[in-house]
Every structure is written in structure tokens, then in C-alpha cells.
Number of protein chains: 2
Amino acid sequence: MKLSTRTRYGVRAILELAGNQDKGPMQIKTIAHRQDISVKYLEQLMTILKSAGFIRSVRGAKGGYILAKPANQIKLSDVFNALEGPVTTVECLENESSCKRAADCVTRQVWAEVQRAIESVLQSMTLQDLVDRTKDKKALSYQI
Amino acid sequence: MKLSTRTRYGVRAILELAGNQDKGPMQIKTIAHRQDISVKYLEQLMTILKSAGFIRSVRGAKGGYILAKPANQIKLSDVFNALEGPVTTVECLENESSCKRAADCVTRQVWAEVQRAIESVLQSMTLQDLVDRTKDKKALSYQI
DNA sequence: ATAATATACTACTAATATAGTAGGAATACT
DNA sequence: AGTATTCCTACTATATTAGTAGTATATTAT
């Protein structure tokens, strides 16, 4: 039940943008370097995030990417959904007709509970929350 | 973030055994037929469940599989773990040294919370709980 | 004993998804 | 014009999953 690198990299990339909101567009090159991700691969992830409406691009020199809306309006569950696909542990939860036993299937109920638990965590966090956590951490480390 | 059929089939198979505890060994053939799973594939899943210690086998004619311990002593989280592998959303949660940034990584914290949420659901259920749910459901359907 | 029935074991295969890589086109700034 | 950047499409390598195939071994029933 591992996350794909697509999701892990994508979340880290959009968090870079979220932590950089006021400083103009940020280039793929920069993000890729800071996060140790292949430039070409990240390029594709940014396309996903863009077409999902979380970020927008500025082409040409001095271009790059910026958040399309404030970081506190982007829930992690939405980003996750765009990158990893719907948090669906099993097909029959999206589409009941995919299994004739769905209606009275006990394991289906279990996977539904698992799914709700995951979604509940992800829905409770916005990008801004995570940026704030990072800042708290930095502030703390200065004291040491 | 889909579950593998390995896990889905495996859980359904062991639930068949759990619902059949007092009726002697149950054959792969029977389970495969009732659950619509390939006999040969299920054979492999039973091997996994057996070497994890949840079930034991009886060879030869009239043989089959039975639970190795009472259904209320088998937690779903353990079965899940044997089939799907550890509920680890990301490598660095199992092995901190796999990423040099692990110590102050915010996304790692997020995935840890997701993981805890999943585990908490699975640990709260035993096979017996699920068997009971099935029975409740059947009892209910008789009333209709 | 022998035949029938079941698991045990090992190896192979097909299909799919993931994680990239590669190359050039389009756009915008200087 | 030249440079820097995103945009688009296609390819490739690797791993995993899901399943198939065949034979060996153990146990029961006749």
C-alpha cells in the first residue's frame, strides 16, 4: 500500500510553491533541484497539478509556476486525488455495479472504513497548514 | 492507492474459513468457487496465510484448510500485513535512514498520520467481528 | 495395495503500472 | 535575435501483479 512517487514528489513540489507564494513564479528546475526530482519527470507532474487547477504557469524567461489560489484553500485530499487518483481502496466502492455481491459484502464495508479514515486525515489539512508546520520547525531549530 | 487482489482475495478466503470453523477443513476448490477466484492463484494465497500462521492445512482426501487459532484472535491488521505487506505509505517511515531529510520532513508526518489512521481501523477488527457482521446481515434479510 | 483427493512446490507468462528519458515546439522576456 | 522557460508527445526500462502449468507429496477410502 505504498504511495507512488508521483504523489510524493507532486505534494513536495506544490508545497514548495505554497512556501514561496509571495516571491513570484518558481521554476521546475529550482524545485527539482531542491527536492531531488528529475526535471523531466517533475515537468509531467506539474502538468497534472496544473490541469487540476491548483497551480498556474507563466511561460518564457522568468516564468515558472505559482499557486492558482491561496494555500489555505487547497486541501491535501484534493491534491492527493489529482496525483494518486481517488482514494479508493477497492473498485466496488466507486462503482457498486462492479461486483454483484457489493450490497451485502462485509469486506467492502471494511475497505470503506479504511478509505474514510484516510480521507478524513487528508481533508483536514490544507497546504498552508503544512507550510506553517515547516516554519514552526525552522523557528524551533534556531533555538537549539 | 488500490488494494491488490492478493489482499482482497486473501481476506475473503480467510473469512470463509472463519465462518466455517466448526465444520472441518475447507478445500481451496470450494473457497475458490464460492468467491470467484482462480483455484491456482488462491493456492498461493493460502500458502501466504499458512506461513504467516493464521491457517493450517490438512493434506490428502477430505483435507483442506482450517483456522490455526480462534477467529477472535486474528486481527485484520495482521492478515493485511501478511498479504499486502506492512501498511507503509512511504519507505522513510519504516526506515528513517532511507531519506536524509526524514527528520524534519513535513510530508513524512502527513503520511505517518495517514498510516496510523489505516492501522487503527484494521487493528480494531478481528475475523470474528466480520463473521458476526455477515450473520447479522443474514438474520436481517430473513425478516424482509 | 491402489486409486482418488487434496495440498506443496517451483517455474513460467501475460498484462499493467510506474518511473522515468528524449526531443523538439511554443511562448515570453531581455 | 537570443535565451529561458513551459508544453507536448512519444518512447523505454523496470517492477509488480495476477494468473497459469506441471509435477511431487501426503492422506484417506476402497
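Keep in mind it's a predicted model, so treat the numbers as computed, not measured. First the proteins, then the strands, lettered A, B, ... as listed; each starts at 1.
When rounded to the nearest whole Å, the span between CG of A:L83 and C1' of C:dA19 equals 14 Å. Straight-line distance from the CG atom of A:L45 to the C1' atom of C:dA19: 10 Å, rounded to whole Å. What separates OH of B:Y65 from C1' of C:dA6 is a distance of 9 Å, to the nearest Å. A straight line from NZ of B:K62 to P of C:dA6 spans 8 Å, rounded to a whole angstrom. In this structure, A:I48 places its CD1 atom 11 Å from P of C:dA19, rounding to the nearest Å.
Residues of residues 35-44 of chain B having a heavy atom closer than 4.0 Å to DNA chain D, listed by number: B:S38, B:K40, B:Y41, B:Q44. Within residues 50-61 of chain B, the residues having any heavy atom closer than 4.0 Å to DNA chain D are, in order of number, B:R59, B:G60, B:A61.
Residues B:S57 and B:K50 bring a donor and an acceptor atom of their side chains to less than 3.5 Å of each other. Using modelled atom types and a 3.5 Å distance limit, the side chains of B:E84 and B:S4 yield a donor-acceptor pair.
Using a cutoff of 4.0 Å between basic side-chain nitrogens and carboxylate oxygens, B:K40 and B:E43 are scored as salt-bridged. Using a cutoff of 4.0 Å between basic side-chain nitrogens and carboxylate oxygens, B:E16 and B:K23 are not scored as salt-bridged.
Test A:L67, A:L17, A:L83, A:L49 against A:F54 for side-chain contact (heavy atoms from CB on, under 4.5 Å) and you get one pass: A:L49.
Counting non-hydrogen atoms of neighbouring residues, nucleotides and ligands closer than 6.0 angstrom, the CZ atom of B:R101 exceeds 12 such neighbours.
Both B:I48 and A:M1 belong to a common hydrophobic cluster when Ile, Leu, Val, Met, Phe, Trp and Tyr are linked at side-chain heavy-atom distances under 4.5 angstrom. Grouping the Ile, Leu, Val, Met, Phe, Trp and Tyr side chains by contacts below 4.5 angstrom, directly or via other members, places B:V11 with B:Y41.
Side-chain N or O atoms of B:Q21 include none that pairs as donor or acceptor with a backbone N or O of B:I66 at under 3.5 Å.
When every heavy atom of B:L93 is checked against every heavy atom of B:T89, the shortest pair comes out as CD1-OG1, 3.4 Å. Taking every heavy atom of both residues into account, B:K62 and B:P25 meet most closely at O-CG, 3.8 Å.
Contact footprint of chain A on DNA chain D: nucleotides with an atom under 4.0 Å from a non-hydrogen protein atom, first to last in 5' to 3' order, D:dA4 to D:dA10.
The side chain of A:Y9 places no N or O atom within less than 4.0 Å of a non-bridging phosphate oxygen (OP1 or OP2) of C:dT18.
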